[in-house]
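What follows is a set of notes on a single structure, which appears directly below.
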Amino acid sequence: MAIATVNPATGQTLRTFEPYTAPAVEQRLARAEQTFAQYRLTDFARRGELMHRAAELLDADQETIARLMTTEMGKPLTAARAEAAKCAKAMRWYADRAPALLADEHPAPTDVTDAGASRALVRYRPLGVVLAVMPWNFPLWQVIRFAAPALMAGNVGLLKHASNVPQTALYLEDLFRGAGFPDGCFQTLLIPSATVSDVLRDPRVAAATLTGSEGAGRSVAAVAGDEVKKTVLELGGSDPFVVLPSADVAAAARTAVTARVQNNGQSCIAAKRFIVHEQVYEEFRAAFVQRMAALRIGDPLQESTEVGPLATAQGREDLGELVADALDLGARVECEVAVPAGLGEGWWYPPTVLSGITEQMRIHREEAFGPVATLYRAESLDHAVELANDSPFGLSSNVWTTEPAEQERFVRDIQAGGIFFNGMTASHPALPFGGVRRSGYGRELSGHGIREFCNATTVWVA
């Protein structure tokens, strides 16, 4: 895949970039190693000052970077602005809270004595150079939620971004440098995916984090395992959205549309499987389909647009194949929104609702990365739990019920990294984010995220 900006709304190639040569990559690796040797010695106050400055610069650049993201991967402009604002918020959150999140931990005095020490503690120290392999769907947020905690912990970062968002990747390097971080603290590598393993095997790289497909995660994890290096993986998801009889069905249907088509449906944590108790199935189905059918498809740079194009031609082809397979095996189309004429040669895909899903259909097992929703009728609470867990993924989940006993049942039994009751999944700096099963391992955000790339060092004094 070429390293290029291709406007998904038109299919037009706007800019292309030559991959970095081996000597250029070597130069950046050497700079990262040299910078870490000094940067790790800075205190939290200095790191926080730099991170706050980066957040200020990002706020000032919000409109420019929002338009760039929309042009590179097609998200609606309003969503791109919100993404930039969310990134600045997370940067400030870590700038202010890193000292407390990484404060020394002191065992109880009796445990210190029992360990035969006069003093003992746990200190969190940075690992070093962390390689981040990031996707295009949230080209700013996915990177910042790694970079803000990693840099505040004293690590330095190398970014291998998706090849279709190179300008966003270069902007991020400029952002941190412009804020005053040393040149080697955060560097972008414009390299093809085939060379990621070489960078990861380099002894100067201490760890890696990846957000992306299951295949990409397997590849990075295999190399890192061979090199005995720490990894955090956030992979795909096919999140359930469960609606039970006590729910506010109108509110659930309204939220369900946003949960499915956020980011043009291209989000790992977008709700994809809508599992509705038979007592409220018809009510939910009617409201959900009506709202999906009313979505405004159009130029993502227009303020009124709710759904833009898919980011890549391959993505549209893959989604179309999933839908075609389901229809061939008996799925029913509840609605399919017509794409307006005159939008150009971009990678448009109509928001679609399918029902009658069976286990034989690929869409039952595979992630639908686009604005396609699948409806399931649950016969009981037990059946709803069973359907929710009938997926190889386990990223997040949404459950609509006001019954405390039902909420506790899902907390106990759902196989996912998160459960959101009476709302939709969202990420926040204060809450850990990540999945189980084929959705990956490790956590981003919160104290859990900043400690992922730290050496929890035991200090024992006789």
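Atom NE2 of His448 has 12 or fewer heavy atoms from other residues, nucleotides or ligands within 6.0 Å. Residue-environment remark: CZ (Arg362) exceeds the threshold of 12 foreign heavy atoms within 6.0 Å. Within 6.0 Å of CZ in Arg123 there are 12 or fewer heavy atoms belonging to other residues, nucleotides or ligands. In the displayed structure, Lys230 atom NZ is contacted under 6.0 Å by more than 12 heavy atoms of other residues, nucleotides or ligands. Counting heavy atoms of neighbouring residues, nucleotides and ligands inside a 6.0 Å radius, atom CD of Glu321 exceeds 12 of them.
Classification of the Phe241-Phe274 ring pair by plane angle, with boundaries at 30° and 60°, yields tilted. Ring geometry for Phe181 against Phe176 counts as perpendicular: the plane angle is over 60°, on a 0 to 90° scale with 30° as the lower cut.
Among the candidates Leu159, Leu58, Ile65, the single residue satisfying the side-chain contact (heavy atoms from CB on, under 4.5 Å) test with Leu172 is Leu159.
Looking at Thr168 and Glu72, their side chains do bring a donor and an acceptor atom within 3.5 Å of each other. Side-chain N/O atoms of Ser397 and Asp239 include no donor and acceptor closer than 3.5 Å.
Closest approach of Thr305 to Pro76, counting heavy atoms only: O-CB, 3.9 Å. The two residues His161 and Met134 come nearest to each other via the heavy atoms ND1-O, 3.5 Å.
The cationic group of Arg438 does not satisfy the cation-pi geometry with Phe393, failing either the under 6.0 Å distance to the six-membered ring centre or the 45° limit from the ring axis. A cation-pi arrangement, defined by a distance under 6.0 Å to the six-membered ring centre and an angle within 45 degrees of its axis, is absent between Arg285 and Phe288.
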Check your understanding: Hey, mind stepping through His383 and Tyr376 against ring-ring contact (aromatic ring centres under 6.0 Å, His included) and telling me if it holds?
Key -> CA-CA 10 Å; His383 189 209; Tyr376 295 78; 9.0 Å; no
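A salt bridge is defined here as a Lys NZ or Arg NE, NH1 or NH2 lying under 4.0 Å from an Asp or Glu carboxylate O, and Arg254 with Asp248 fails to meet this definition.
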